[in-house]
Amino acid sequence: ILGITQGMFDEIIPLAAEKKPFLNPRIVLAADPIIQDRIGRLQIRLSAVRALIMEEAEAVWEMTESVFPLPPQVRARFRSALSHVHFECLEIANDLFTLGGTTVLDNSSSLQRRFRDIRTACQHVCGSAALYRPYGALLLGQTPDNVGML
């Protein structure tokens, strides 16, 4: 999901260098300070979720060398982080898709395909917001309702 989202950036940047806004055709999108701000913020958000999941994955990997099976709280935290990455990438992708304007609505647009791919990935159980509950329950010293989600 991180790669698909980065791929959308890789496509929107050159598009913004050429595309002229309908309401101000004297400039290209890339010259618009509002677009510049949004692209900068979105890229930082993507970098933040990439750093989060890498940190979580490294911690889990290191722990597996000495502890197996992993404690429920560790598994629940990793799954919560993974869910967060899915939803953050979906929000970033939605913003990038919107920035592309009507150009991305064409069936030949790979931005459209990438957006559909992200949307599909978020329909998977690993992108479920329900994955936060077991972690929250464990943090609060409670037994999660759905132990199967651990």
> Yes or no on side-chain contact (heavy atoms from CB on, under 4.5 Å) for T103 and K19, after CA distance, side-chain angles and deciding distance?
Replying inline: CA-CA 9 Å; T103 304; K19 186 171 176 58; 3.0 Å; yes
> Do L111 and L15 come within less than 4.5 Å of each other through their side chains, counting heavy atoms only?
Replying inline: yes
> Do P72 and L138 have side chains that get closer than 4.5 Å, going by heavy atoms?
Replying inline: yes
>> With side-chain contact (heavy atoms from CB on, under 4.5 Å) as the criterion, how do Q6 and Q43 come out once you've worked through the C-alpha distance, each side chain's angles and the decisive distance to 0.1 Å?
In response: CA-CA 9 Å; Q6 183 60 55; Q43 185 62 56; 3.4 Å; yes
Could you measure the distance from the [atom1] atom of [X] to the [atom2] atom of [Y]? Nearest 0.5 Å is fine.
{"X": "L99", "Y": "M8", "atom1": "CG", "atom2": "CE", "result": "9.5 Å"}
{"X": "E58", "Y": "E55", "atom1": "CD", "atom2": "CD", "result": "8.0 Å"}
{"X": "F9", "Y": "L46", "atom1": "CZ", "atom2": "CG", "result": "5.5 Å"}
{"X": "T5", "Y": "D95", "atom1": "OG1", "atom2": "CG", "result": "11.5 Å"}
{"X": "C89", "Y": "I1", "atom1": "SG", "atom2": "CD1", "result": "5.0 Å"}
{"X": "R133", "Y": "L140", "atom1": "CZ", "atom2": "CG", "result": "13.5 Å"}

Which pair of non-hydrogen atoms, one from [X] and one from [Y], has the smallest distance, and what is that distance?
{"X": "L2", "Y": "V85", "result": "CD2-CG1, 3.9 Å"}
{"X": "V28", "Y": "P21", "result": "C-CD, 4.2 Å"}
{"X": "V104", "Y": "G101", "result": "CG2-O, 3.1 Å"}
{"X": "L29", "Y": "I35", "result": "O-CB, 3.4 Å"}

>> R50: which residues meet the salt bridge (Lys or Arg N to Asp or Glu O under 4.0 Å) condition with it, sequence neighbours left out?
In response: none
Side-chain donor-acceptor distances from residues 63-71 under 3.5 Å, at least two apart:
residue	atom	partner	partner atom	Å
T64	OG1	W61	O	2.6
S66	OG	M63	O	3.4

Using modelled atom types and a 3.5 Å cut-off, is there a donor and acceptor pairing between side-chain atoms of [X] and backbone atoms of [Y]?
{"X": "S80", "Y": "A76", "answer": "yes"}
{"X": "S110", "Y": "R113", "answer": "no"}
{"X": "T98", "Y": "N94", "answer": "yes"}
{"X": "Q73", "Y": "L139", "answer": "no"}
{"X": "H86", "Y": "L82", "answer": "yes"}

Would you say [X] and [Y] are hydrophobically clustered, going by side-chain heavy atoms of ILVMFWY under 4.5 Å?
{"X": "L52", "Y": "L131", "value": "no"}
{"X": "L90", "Y": "I12", "value": "yes"}
{"X": "L105", "Y": "I118", "value": "yes"}

> Among I44, I39, D37, which one satisfies side chain to side chain contact (heavy atoms under 4.5 Å, CB included) with R41?
Replying inline: D37
Tell me every residue that passes side chain to side chain donor-acceptor pair (under 3.5 Å) with [X], counting only those two or more places apart in sequence or in another chain.
{"X": "S47", "value": "none"}
{"X": "E91", "value": "R45"}
{"X": "R77", "value": "E56, Y135"}

> Residues two or more places apart in sequence or in another chain: which of them pass ring-ring contact (aromatic ring centres under 6.0 Å, His included) with F115?
Replying inline: F97
>> Between Q36 and D32, do the side chains contain a donor N or O and an acceptor N or O under 3.5 Å apart?
In response: no
